[in-house]
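For the single chain, residues carry numbers from 1 onward in sequence order. In each ligand, atom 1 is the first atom listed, and ligand 1 is the first ligand listed.
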Amino acid sequence: MKIHRRNGIDLYCFENLEVFPALCHGITTRQGGVSQSPFDSLNMSLHVGDAAHQVAVNREAVWAGFPRPAEPVFLNQVHGNTVVVWDGTAPAADRRLTGEADAIVTDQHGWLLTILVADCQPVLLHDPVRSVIANIHSGWRGSIADIVGRTVTVMKTRFGCNPDDIYAGVGPSLGPCCSEFVHYKKEIPESLWSYRVSENHFDFWAISQAQLARAGLRPAHIEISGICTRCRRDLFFSYRAAHTTGRFAAIVGMTPKA
Ligand SMILES: [Zn+2]
């Protein structure tokens, strides 16, 4: 990943995605905002106990780094496996889509699909041929449910995407160093036990890589950030490091059509 500073805010960008001129994307860090501890400082979530007016300041600072008049859209994330196809109809006043979903797919320009995380994987997808984007919230429950593969299936069936054309970025999230599952025999299906890297640590980055490849993406089109949020809690929010903490944002959009 590369770091770009926009409007004074650092955004981590995937090198395989930033080559597409119609695409705008970035992943925020916890730095550069106004929220107080334990949400310091660039908390993007209104649902973790932080003061709403400070989150609003943080969000505006981030949106200002993206092309206007692109508007953000949020999901009600619930660690499920629902993929919503969005047609660009205006969301509610708080910019959240109704219903619950953990992945969003659209072919509409001018919207910033936003996923909020702190250890879970944000996975960005882009098909530059069909002009389709997706943003996925894939925690360990999402990984088990293969929400990444389900999202690629939706891109194929609804928009005629060829997986061969799709590019993917897996953002900062819990690495194999910190993905400890003491009760994995109850929580994680046996089919994924081969991704154990020690007695009870799992490599969920490798699981996503395999799921994307199984969905038909070329390995060369998949970029894994390799940044562990718990190890780098100076840079990112980590739920495992501190349960009361903020959320950072993964954002992807297609620039508004002139
Ligand atoms: Zn780690």
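A salt bridge links Arg5 to Asp10: one of the charged nitrogens lies within less than 4.0 Å of a carboxylate oxygen.
Screening Phe204, Phe181, Tyr239, Tyr184 for a ring pair (Phe, Tyr, Trp, His ring centres under 6.0 Å) involving Trp140 leaves a single residue, Phe181. For the salt bridge (Lys or Arg N to Asp or Glu O under 4.0 Å) criterion with Arg30, the lone passing option out of Asp234, Asp50, Asp40 is Asp40.
Shown here are the protein N/O/S atoms lying under 2.8 Å from the Zn ion (ligand 1), water excluded: Cys177 SG, Cys178 SG, Cys228 SG, Cys231 SG.
For residues 144-167, every residue pair satisfying the ring pair (Phe, Tyr, Trp, His ring centres under 6.0 Å) rule, not counting sequence neighbours, is listed here: Phe20-Tyr167, Tyr167-His221. Listed by first and then second residue, the ring pair (Phe, Tyr, Trp, His ring centres under 6.0 Å) pairs that reach into residues 94-116 are Trp86-Trp111, sequence neighbours excluded.
For Asp102, the side-chain hydrogen bond (donor to acceptor under 3.5 Å, both in side chains) partners at least two apart in sequence or on another chain are His137.
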